[in-house]
Amino acid sequence: MSSFSSLGLSQPLLKAIQQLGFEQPSPIQELAIPALLAREGDAVALAQTGTGKTAAFGLPLLQHLETPQGFVQALILAPTRELAQQITTQLDQLARYAHGLEVLTVFGGAPIGPQAKTARQNPAIIVATPGRLIDLMERRAVKLDQLRFLVLDEADEMLNMGFQEELERILTETPAEKATWLFSATMPAAVRKIAKRYLREPQELHSSTGAEVNTDIAHHYALVHQRQKGAALGRFIDSAPQMRGLVFCRTKRETQELAEALLKRRYRADALHGDLSQPQRDRVMKRFREQELQVLVATDVAARGIDVNDLTHVFHHNLPDDAAFYTHRSGRTARAGKKGLSVVLLDRRDEYKLKRMAKQLGISFQEAAVPSAEDIKKEHLLRWHEEVAAMAPPMGISEDMWRAARERLDHLTREELLARLMQRELDQLSIQEVDDAPQPRKGNKGPKGFKGGKGPRGKKGSYADKWRKGPGKNQGGSRGKGGQKSFRKGKK
Ligand code: ADP
Ligand code: MG
């Protein structure tokens with residue numbers, strides 16, 4: 001693997017990269033940066049979500065632009081306001097030591113007047129959502145007649161969102177001699193069609209086939225009835241209190257319902273899907289970023305804009321139809337060399353889908369039990385012990401209170417007292433009922449896993465043990481028992 005300094009970037013850019021804490025270029029950056037620096041023509045770059053595509057086009061772009069010229073030199077199109085703003089933030093950071101290039105962000109859902117006014121001042125770079133850019137073009141607030149670079153970022157998503165007409169219009173109404181760089185996470189037919197029609201002999205920069213394996217991700221599946229998936233998810237959360245996770249659903253409705261069920265049970269969860277207004281989205285994302293939310297339930301599309309790097313878990317409430325989406329989903333965890341867990345909640349009826357996906361992607365899925373009530377209690381008490389041990393000596397207990405306590409409790413031994421306190425603590429927990437996973441079919445003895453290309457055959461073990469010892473290490477342990485019911489009182 002090479003370093004940023006060997007890619008041909010200028011000193012001011014290298015300095016900014018260093019300050020951002022990027023140590024090594026990601027595969028798409030390693031591929032795209034030298035290629036886009038060397039040749040100004042068109043390009044199609046394909047790499048999965050979260051692999052640093054912004055810097056992969058941003059760095060060569062900034063280097064090509066050099067200085068402000070008094071006209072718009074580059075236009076970057078992104079599907080949503082959130083993504084557009086993220087691009088601008090990143091470009092500002094990367095350009096920190098370079099040539100005072102101005103970056104303007106324009107997007108719908110905000111008053112057009114101020115955006116038009118700034119656009120008329122001809123910033124060097126405009127980052128825009130397609131609809132708003134067209135509006136500004138129609139008002140003649142943006143002049144693109146000297147445009148040198150057009151970047152279509154998250155092209156697949158822009159087309160998914162119905163921006164095809166806008167894209168085609170922008171592609172045709174900008175100078176023919178510009179360089180067009182198309183960046184995408186996937187290459188569906190609609191994207192290929194745009195590339196074929198509007199790009200001239202683009203260089204192909206593919207860092208992924210959508211099927212490569214991130215070895216820092218452990219892939220697990222837990223057998224659970226469809227209707228008990230919410231409860232099972234609750235158990236996973238309870239058994240790993242430090243978890244920070246994304247739960248993927250296939251539809252907006254599924255997303256909303258699951259988030260509501262979790263909220264009702266006082267989990268710090270919320271939903272992210274396409275029906276939310278922009279302010280609602282912003283608020284959910286802010287709460288997730290600031291760790292006020294522990295789990296975010298999202299559709300595949302909505303999760304695109306999430307820029308959060310320290311996720312410990314990705315859950316699949318249902319498997320996606322397309323195997324490539326599984327890779328995108330699970331790739332949200334195990335970023336930057338960290339370990340991560342991808343857990344499929346699998347109804348027995350969908351086993352065949354998982355088998356097919358394992359084969360297609362070359363991934364081994366390991367069976368893991370839904371955490372048992374025992375796992376959760378153990379985990380809860382361990383935490384409680386640690387918290388009590390770490391407490392500062394209590395100061396607020398008066399002599400009177402002490403006297404009263406002694407009168408009532410002195411007959412208990414230390415053991416007895418501690419046992420009662422622990423029991424009280426456990427009574428606070430409410431652990432949802434989850435049936436024992438259906439028994440494996442005949443001839444299928446004990447632990448198993450779905451094997452894709454590589455890796456040892458999976459063994460089943462206690463989920464909580466596995467997580468505590470770090471995902472990926474297949475530790476033995478007890479099987480989930482389930483079936484314990486109680487009620488959760490407001491747990492902070
Ligand atoms: P994509 O557009 O491919 O989904 P982004 O460009 O949004 O990915 O980058 C995802 C995250 O990774 C961002 O937080 C970004 O700052 C970070 N990042 C990008 N390149 C690197 C790198 N070389 N090293 C470490 N982090 C990086
Ligand atoms: Mg991106």
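Just so you know, ligand 1 is whichever comes first in the structure, and atom 1 is the first atom listed for that ligand.
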Give yes if a backbone or side-chain nitrogen or oxygen of Lys53 is under 3.5 Å from a nitrogen or oxygen of ligand 1, and no if not. yes
Under a 4.0 Å N-O cut-off, is there an ion pair linking Glu168 with Arg197? yes
Could you tell me whether a side-chain N or O of Lys53 sits under 3.5 Å from a main-chain N or O of Ala47, the two making a donor and an acceptor? yes
Heavy atom under 4.0 Å from ligand 1: found in Phe183's side chain, backbone, both, or neither? neither
Under 3.5 Å between any N/O of Phe22 and any N/O of ligand 1: does that happen in this structure? no
Contact between ligand 1 and Gln86 is defined here as a heavy atom of the residue under 4.0 Å from a ligand atom; is it met? no
Electrostatic pair Arg281-Glu82, nearest N-O below 4.0 angstrom: yes
In terms of the angle between their ring planes, are Phe315 and His313 parallel, tilted or perpendicular, with boundaries placed at 30° and 60°? parallel
Mind checking whether Gln24 contacts ligand 1 via backbone (N, CA, C, O), side chain (CB onward), both or neither, at a 4.0 Å heavy-atom cut-off? backbone
Would you check if the side chain of His273 reaches a backbone N or O of Asp275 as a donor-acceptor pair within less than 3.5 Å? yes
Sorted by chain and number, protein N/O/S atoms nearer to the Mg ion (ligand 2) than 2.8 Å are Glu154 OE2
Going by an N to O cut-off under 4.0 Å, is there a salt bridge joining Lys286 and Glu290? yes
Across all chains, not counting sequence neighbours, the side-chain contact (heavy atoms from CB on, under 4.5 Å) partners of Thr54 are Phe57, Ile87, Gln90
Please list, in number order, the atoms of ligand 1 under 4.0 Å from a heavy atom of Thr51. 1 (P), 3 (O), 8 (O)
Give the numbers and elements of all ligand 1 atoms closer than 4.0 Å to a heavy atom of Gln48. 3 (O)
Ligand 1 atoms nearer than 4.0 angstrom to some heavy atom of Phe4 are 23 (N)
Using 30° and 60° as the class limits, which term best fits the ring planes of Phe365 and Tyr221: parallel, tilted or perpendicular? perpendicular
Using 4.0 Å as the upper bound for N to carboxylate O, is an ion pair formed by Arg169 and Glu138? yes
Before giving the answer on ring-ring contact (aromatic ring centres under 6.0 Å, His included), spell out for His64 and Phe149 the whole-Å C-alpha distance, their side-chain angles and the decisive distance to 0.1 Å. CA-CA 9 Å; His64 280 302; Phe149 296 93; 5.2 Å; yes
Numbering the atoms of ligand 1 from 1, which are under 4.0 Å from a heavy atom of Glu154? 2 (O)
Under-4.0 Å salt bridge between Asp238 and Arg235: no
Ligand 1 atoms in contact with Thr54 (distance to a heavy atom under 4.0 Å): 2 (O), 5 (P), 6 (O), 7 (O)
